[in-house]
Amino acid sequence: MQADAPQTVHLADYTAPNWWVEKVELAFDLHPTATRVRSKIRFIRNPDAEGRDLHLDGENLSLITLAVDGKPLTGNEYRKTDTSLTVPGDTLPQDAFTWEAEVEINPEANTALEGLYMSNGMFCTQCEAEGFRKITYYPDRPDVMAPFEVRINSDLPVLLSNGNHAERGNGMAVWSDPWPKPAYLFALVAGDLVAISDRFTTRSGRDVALNIWVRRGDEGKCAFAMDALKRSMRWDEEVYGREYDLDIFNIVAVDDFNMGAMENKGLNIFNSSAVLASPETSTDDNFARIEAIIAHEYFHNWTGNRITCRDWFQLCLKEGLTVFRDQQFSGDTRGAAVERIGNVLSLRARQFREDAGPLAHPVRPESFVEINNFYTATVYEKGAEIIGMLKRLVGDDAYYKACDLYFSRHDGDAATIEDWLKVFEDTTGRDLTRFKRWYTQAGTPRVTVTDSFKDGTYRIDFEQVTPPTPGQPDKEPQLIPMAMGLINPDGSEARPTQVVELTEARQSLRFDGLDARPIPSLLRGFSAPVILDHSPGFNDRATLLAHDTDPFVRWEAGRALTRQTVLAMLTDRAAPDPAYLDALQMAAANDTLDPAFRALVLSLPSQDDIAQGCVDAGVVPDPTAIHHALKALGRSIGDHMEGLFTTLYDRLASDAPYRPDAAQSGKRALRNMALRRLTPRDGATRARAQFDTATNMTDQLAAFACLLEAGDPQVAAQFEAQWHGDRLVMDKWFMLQVAQAEPKDAVSRAKILTEHPDFTMKNPNRFRAVMGGLTGGNPAGFHDPSGAGYRFLATWLIRLDAANPQTAARLSTAFETWKRYDADRQTLMRTELERILDTDGLSRDLAEMTSRMLEG
Ligand code: B3K
Ligand code: ZN
């Protein structure tokens with residue numbers, strides 16, 4: 001056997017396989033350390049392929065037997081490496097044959113949580129992207145699609161796989177999935193689980209059994225997810241005309257899971273944090289996230305499963321579209337304006353950050369070493385923005401017509417971005433060649449705006465530049481849909497929204513017949529994922545904040561004023577301008593506005609956002625100074641608006657039964673914002689009272705955070721005493737203690753928590769809680785000038801990498817902004833990245849990430 005060196009895979013090298021698969025039969029004899037997997041696979045020749053060799057993937061498999069058409073293969077009839085098995089074409093039948101293999105695998109030793117593994121005594125799988133090859137030999141590539149029949153032999157009471165239940169007996173079950181699928185959608189679960197069950201009738205009358213499978217004791221936390229599932233199923237019928245296509249839909253909650261959830265056909269597997277919810281243990285944000293993830297995975301049934309990706313470079317075909325669909329669903333469910341602002345906040349925090357650093361890559365990348373490293377904010381969130389731009393450009397009617405064409409033309413296909421764009425071209429007659437650059441060009445376009453007004457004519461000039469990114473020094477102009485309107489100085493609307501298509505490096509626009517110089521209201525609804533470089537004066541921004549008809553621009557105006565204030569505090573040591581505080585107060589006090597929106601207006605930019613703002617202004621960010629400036633601004637806001645916050649805090653108190661809906665959550669968000677601002681002024685008395693009497697986790701956690709920040713010596717122990725039995729609540733406890741620590745104490749707090757008996761590297765949620773609490777929750781602590789934060793993270797990443805490369809690689813992105821900082825910090829971070837890269841036996845996941853960060 002020979003070892004394979006990690007190889008770079010290129011989009012340009014795609015070729016179809018030599019053999020297709022007609023049918024897969026699998027039989028599992030489950031055992032924690034020695035599971036036997038027998039496969040019977042019918043291969044048929046791809047008449048268009050030139051080669052005849054059979055290439056199968058396989059990793060960590062002990063091969064027991066192999067046969068072709070019933071005849072065992074001898075050792076010299078195939079070639080085997082660490083990762084593959086090849087049978088030369090001349091030893092294979094002409095057109096078709098049946099492959100049979102038996103392998104043994106060790107689920108208990110599988111700490112990477114990819115393939116078949118064990119979590120708390122239950123067997124479960126994660127195959128996307130390339131985990132199926134750790135279960136048996138197979139052409140593990142998404143363009144090979146086949147129906148599966150799966151037999152599970154085990155004494156465990158619940159045995160699940162994809163599709164419909166075909167047979168159930170003593171110690172066995174057979175599942176049959178009639179829909180051809182790629183191996184990455186295969187799933188198997190076995191354990192001592194209980195189900196919460198319901199039913200759904202599709203609009204054509206199919207009766208579907210719905211189950212959410214959980215560990216005993218968690219049954220009471222499934223009602224919300226079940227309701228969200230039924231609402232998602234109805235929504236996809238009503239909005240996209242998509243119906244469910246099996247008799248049963250199963251969801252399973254698993255504690256040890258590398259991501260949020262997985263859309264396996266008919267058997268979605270969820271991180272328990274993305275499904276279990278109760279008012280006492282989950283925050284409003286948790287409920288909203290669960291609803292979005294349930295919808296996302298369900299929507300994949302059409303965008304991902306019925307139509308999948310030809311190869312992994314097309315990942316955004318399913319992910320960008322499915323994120324867009326879940327965002328639409330959440331907008332319809334919870335309010336479009338607030339949802340949109342939330343999506344933009346997350347896009348900027350994660351995707352713009354990625355696009356501005358060494359890990360920048362196009363939405364459709366051109367090469368990868370480890371595909372798991374490309375499940376990124378760029379593929380998902382910028383991918384979703386592209387769909388939104390397309391919809392805006394062609395209009396709603398044409399958008400849904402093109403989607404219908406996509407579903408009918410490509411049902412059962414493994415498709416490409418070209419296929420997706422073609423249905424829009426065929427529906428609208430429009431040439432989308434230029435638009436396609438959004439898929440191929442990395443980096444966030446920067447649009448600079450200048451304007452002038454003379455004799456009733458307003459002229460606005462746009463200039464767009466996309467900065468160089470790794471491997472892409474020169475950029476072409478993008479097609480940017482710029483939704484804009486004009487506002488009169490008195491706040492009334494001078495021109496309603498129009499969508500201007502910016503296609504050139506420079507473009508200008510004129511508006512005639514205006515009485516006064518208007519205020520441009522730009523990028524309404526955040527109509528394109530670009531950075532707008534436009535510096536209107538304070539009064540213009542204050543007018544937009546007070547009056548714009550577009551809620552996004554309104555919020556954005558307030559956010560720009562806040563950023564400007566923080567930057568002035570940092571660079572000129574200026575105190576916040578009372579006029580700014582008044583403008584903010586006016587919006588916060590405006591009872592005609594949605595409380596959730598007002599909470600967003602009052603929220604401060606993150607430390608990371610300000611750090612990027614410093615870079616944009618040509619200033620090297622100082623994380624400690626940023627932390628103090630934001631804290632000082634929070635206090636100034638609290639001082640300035642004490643009266644308003646006191647009123648809001650009292651008036652928004654409610655003893656209505658808890659509901660996680662948008663209306664109640666918005667009120668709690670605003671009230672807890674008031675609490676946060678009042679805490680430094682009232683000696684934390686309100687926070688203490690709220691912590692002691694809260695009846696829901698949203699209120700208790702908000703108070704907990706305030707008390708930690710105020711340095712309350714008892715609250716951490718009290719919280720632990722109350723919640724030590726609840727894994728998901730304890731993740732919050734681990735995270736918040738690090739996030740709310742004084743920056744100078746953050747690393748030592750994180751260290752202490754890694755010594756807590758409940759800290760374990762085996763559970764990604766727990767590991768992420770502590771590491772993410774430091775890197776994302778406490779940037780000033782992570783960037784401590786001593787370098788202790790960098791050393792701490794690197795040490796733990798190296799340790800985790802040996803067990804779980806995927807999660808280690810994901811968390812390494814904390815270093816992606818290293819070049820932003822001063823020379824000392826850069827040296828300290830580079831040293832840690834090099835230390836990681838020098839580690840013996842480093843995974844290709846983490847090796848690829850660290851070398852890209854060092855080189856880019
Ligand atoms: N498709 C999965 C993600 C798989 C990640 C593999 N590293 C979940 C989702 O996007 O719905
Ligand atoms: Zn997805």
Side-chain angles (χ1 to χ4, degrees), residues 110 112-115 117 124-134 140-142 162 181-187 225 228-229 232 236 251-254 256-271 273-275 289-309 311-330 346 350-351 363 365 368-384 386-387 414 764 768 804-813 843-846 848-849:
N110 182 354
L113 315 185
E114 196 187 47
Y117 66 94
C124 63
T125 54
Q126 171 56 37
C127 292
E128 188 177 1
E130 298 182 331
F132 191 74
R133 61 191 60 187
K134 296 179 170 178
D140 190 7
R141 40 187 291 167
N162 316 88
K181 66 165 176 290
Y184 83 83
L185 291 173
F186 166 80
L229 173 62
S232 306
D236 213 14
I251 288 178
V252 181
V254 179
D256 304 300
F257 206 66
N258 278 334
M259 57 244 167
M262 177 64 211
E263 71 264 23
N264 317 298
K265 182 79 189 189
L267 177 55
N268 285 190
I269 299 184
F270 272 62
N271 186 320
S273 75
V275 62
R289 173 170 178 263
I290 288 169
E291 183 173 72
I293 298 183
I294 291 270
H296 180 96
E297 305 312 332
Y298 175 72
F299 296 158
H300 266 315
N301 192 53
W302 273 94
T303 49
N305 300 4
R306 286 286 283 261
I307 305 177
T308 192
C309 304
D311 54 70
W312 290 120
F313 297 101
Q314 320 295 329
L315 184 58
C316 61
L317 177 72
K318 74 177 178 83
E319 295 305 346
L321 178 53
T322 306
V323 170
F324 180 71
R325 278 152 47 70
D326 84 55
Q327 291 177 349
Q328 280 183 294
F329 169 75
S330 296
S346 149
R350 295 156 22 84
Q351 201 279 323
V363 171
F368 62 76
V369 173
E370 170 52 62
I371 184 58
N372 282 329
N373 287 338
F374 285 85
Y375 285 73
T376 58
T378 297
V379 170
Y380 275 63
E381 295 176 48
K382 190 174 179 182
I386 298 180
I387 311 292
R768 270 190 291 259
N804 184 340
Q806 207 178 124
T807 291
R810 173 57 58 110
L811 290 169
S812 73
T813 56
S843 71
R844 66 162 184 248
D845 307 56
L846 193 51
E848 183 185 26
M849 293 299 272

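First listed ligand is number 1; within each ligand, the first listed atom is number 1.
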To check your reading of the model: name the closest protein heavy atom to [atom], its residue, and the distance in Å.
atom                    : answer
atom 7 (N) of ligand 1  : N372 OD1, 2.8 Å
atom 1 (N) of ligand 1  : E128 OE1, 2.5 Å
atom 3 (C) of ligand 1  : Y380 OH, 3.5 Å
atom 8 (C) of ligand 1  : A261 O, 2.9 Å
atom 11 (O) of ligand 1 : E297 OE1, 2.7 Å

Would you confirm whether [X], through its side chain, and [Y], through its main-chain N or O, come within 3.5 Å as a donor-acceptor pair?
X    : Y    : answer
T322 : T303 : yes
N162 : K265 : yes
Y117 : D256 : yes
E848 : E370 : yes
N373 : D845 : yes
N804 : A808 : no

N or O pair under 3.5 Å between Q126 and ligand 1
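N/O-N/O distance under 3.5 Å: no.
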Tell me whether Y375 has any N or O atom under 3.5 angstrom from an N or O of ligand 1.
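By distance alone, the answer is no.
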Under 4.0 Å, counting heavy atoms only: does E114 come that close to any atom of ligand 1?
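So E114 does not count as touching ligand 1.
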Enumerated ligand 1 atoms positioned under 4.0 Å from heavy atoms of [X]:
X    : result
M262 : 1 (N), 2 (C)
H300 : 9 (C), 10 (O), 11 (O)
E263 : 1 (N), 2 (C), 8 (C), 9 (C), 11 (O)
E319 : 1 (N), 9 (C), 10 (O)
K318 : 1 (N)
Q806 : 7 (N)

Mind checking whether F374 and F313 have ring centres under 6.0 Å apart?
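Between F313 and F374, which both carry aromatic rings, the centre distance is not below 6.0 Å.
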Can you see which heavy atom on R133 is nearest to which on E130, and at what distance?
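Closest approach of R133 to E130: CG-O, 3.2 Å.
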Presence of N, O or S from E319 under 2.8 Å of the Zn ion (ligand 2):
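Yes.
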Are more than 12 heavy atoms from other residues, nucleotides or ligands located less than 6.0 Å from atom CZ of R810?
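12 or below, so no.
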Name of whichever N/O/S atom of H300 is nearest to the Zn ion (ligand 2):
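Atom name returned: NE2.
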Nearest 0.5 angstrom please: L267 CG to L185 CG, how far?
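If we round to the nearest 0.5 Å, L267:CG and L185:CG are 11.0 Å apart.
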